[in-house]
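Written below as structure tokens is the structure these notes are about.
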Amino acid sequence: MPADATRNPLSAITARQPFLIVDGALATELERAGFNLNDSLWSARVLADDPQAIVDVHRAYFEAGADVATTASYQATLEGLMARSLSETQASALIQRSVTLAAQARSEYLAAHPERLDCPPLVAASVGPYGAYLADGSEYRGGYALDRTGLRDFHRARLATLLDAKPDILAVETLPCAEEALAVCDLLRDDFPTARAWIAFSARNATELSDGTPIRDAVRAIADYEQVVAIGVNCTALEHIESLVREIRGETDKDIVIYPNSGEVYDPVTKTWSAACAVSDAEGHGYEHDHDLAGWTPRWLASGATAIGGCCRTGPDDIRALADLRRGLS
């Protein structure tokens, strides 16, 4: 078997630490910095408008304790960028810039923290779902018109473009359905066999993906792909995570990566967030830390999670709290 067939970029960190820390929301921090992201390209528009702002956010997460920078390519597709009058060459360069900006932030961080040189942070190239390109909220419900072949065709050029920029890993995230995960996994196996990725689903409750598929079925379908080194959930309510991790762990011994939302509730129609109601887990137990990743983390770790971060509406303070917790566990 080739040496890279079992390579897991996450293992250099998970072998040394109680868990790996993924960064928090990029778009949330850009909005806090004053950028208006009410746009079909979302945070990807800042790649062209103010790339230094993206470097600054990545650097802030590294300083807070993140082991992974997730790039600003979630909603950056060739189709979407070319619809904004960019040429294919220009669109490809902008997508690749998302990786080079994260790598730049890492280089700056390592220059200031040489103690991390023996185990540097990772750059994960974000690959959003087809629904993110549609910008109609369908990444939270699935039900695409495209079949698996069409989804493969949609993802192929962007994966090639991102991989040419040499990220450490692909973060294929917020997938609402197993069919899209299978399309990406088939594509990785057939076209990019040396690439490594994590697959993170979006979920609507404690056991089902956003389109209603049991998460166990989805995990079982992709667990044997060598290119997939971790499976998990993101952009999902905090109270569902513990159960979802248990469901995933029941089907695979691979790393489990989770990065839920802050606890606020998103309306995909108005594209606004509102404060969460009282939070409870799958058994109905209520908890005070509805916006406290670190507060939930011991339960997630006990259930089998190995990589933890934040998605929408989380920030460096959330990641710093995770890093503080991890130091206490080391």
Side-chain angles (χ1 to χ4, degrees), residues 10 13-14 17-33 37 42-43 54 56-75 102 105 121-124 126 128 132 139-140 169 171-175 198-203 230-242 244-245 255-266 273-276 279 281 287-301 303 305-327 329:
L10 307 181
I13 298 171
T14 56
Q17 298 285 358
F19 60 97
L20 178 147
I21 300 176
V22 182
D23 61 3
L26 178 67
T28 297
E29 288 306 291
L30 291 173
E31 287 175 331
R32 286 172 179 160
L37 303 184
W42 202 32
S43 56
I54 292 175
D56 292 344
V57 173
H58 288 318
R59 178 72 186 274
Y61 278 121
F62 285 142
E63 293 288 352
D67 299 309
V68 182
T70 309
T71 64
S73 50
Y74 176 83
Q75 212 144 344
L122 304 174
V123 172
S126 174
E139 68 261 50
Y140 305 110
I169 191 169
V172 185
E173 50 189 2
T174 328
L175 300 188
W198 77 56
I199 303 291
F201 296 99
S202 65
I231 302 172
V233 177
N234 76 297
C235 210
T236 295
L238 286 163
E239 62 266 28
H240 300 324
I241 298 299
E242 183 181 357
L244 291 164
V245 171
D255 281 320
I256 296 179
V257 56
I258 55 169
Y259 43 119
N261 294 336
S262 68
E264 296 174 69
V265 179
Y266 182 64
W273 292 87
S274 59
V279 175
D281 64 13
Y287 294 92
E288 295 180 358
H289 40 260
D290 60 321
H291 186 127
D292 182 1
L293 299 180
W296 290 87
T297 290
R299 296 169 64 93
W300 298 337
L301 293 174
S303 299
T306 56
I308 298 173
C311 200
C312 297
R313 307 292 282 183
T314 63
D317 286 346
D318 297 290
I319 301 310
R320 190 171 294 107
L322 287 175
D324 290 343
L325 172 67
R326 186 171 70 176
R327 279 190 289 272
L329 297 175

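Between S126 and E173, some side-chain heavy-atom pair lies under the 4.5 Å cut-off. Side-chain contact between V68 and W198: present, with at least one pair of heavy atoms (C-beta onward) separated by less than 4.5 Å. Counting only heavy atoms from C-beta outward, the side chains of D23 and E29 never approach each other to under 4.5 Å. Using a 4.5 Å heavy-atom cutoff, the side chains of T71 and V123 are in contact. At a threshold of 4.5 Å between non-hydrogen side-chain atoms, the residues P260 and L293 count as touching.
Atoms OH and CG, on Y259 and D318 in that order, are 15.5 Å from each other to the nearest 0.5 Å. Taken from CG in D255 to CZ in F19, the straight-line distance is 13.5 Å, to the nearest 0.5 Å. Rounded to the nearest 0.5 angstrom, I258 CD1 and I231 CD1 are separated by 14.0 Å. Remark: H58 NE2 to T70 OG1 distance equals 8.0 Å, nearest 0.5 Å. The line from CG of L10 to CG of L20 is 6.0 Å long, rounded to the nearest 0.5 Å. Rounding to the nearest 0.5 Å places NE2 of H240 at 10.5 Å from CG of N261.
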I would like to know whether W300 and I308 meet side-chain contact (heavy atoms from CB on, under 4.5 Å); could you show each step before the answer? CA-CA 9 Å; W300 298 337; I308 298 173; 4.0 Å; yes
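Heavy-atom minimum distance, C235 versus T174: CB-CG2, 3.7 Å. Of all non-hydrogen atoms in A25 and C311, the two that sit nearest each other are CB-O, 3.1 Å. The two atoms that bring G315 and R32 nearest to each other are CA-NH1, 3.9 Å, heavy atoms only. Nearest heavy-atom pair, G65 versus R326, reported as atom, atom and distance to 0.1 Å: O-NH2, 4.0 Å. P18 approaches L329 most closely through the heavy-atom pair CG-CB, 3.9 Å. Among all heavy-atom pairs drawn from A294 and P298, the shortest one is O-CD, 3.3 Å.
With sequence neighbours excluded, the residues forming a ring-ring contact (aromatic ring centres under 6.0 Å, His included) with F62 are Y109, listed by chain and number.
Comment: R320 engages D317 in a salt bridge, judged by a side-chain N to carboxylate O separation of less than 4.0 angstrom.
T236 contributes a side-chain N or O that, together with a main-chain N or O of A203, makes up a donor-acceptor pair within less than 3.5 Å.
A side chain to side chain contact (heavy atoms under 4.5 Å, CB included) with S303 is found for one member of L244, I241, V245 and no other, namely V245.
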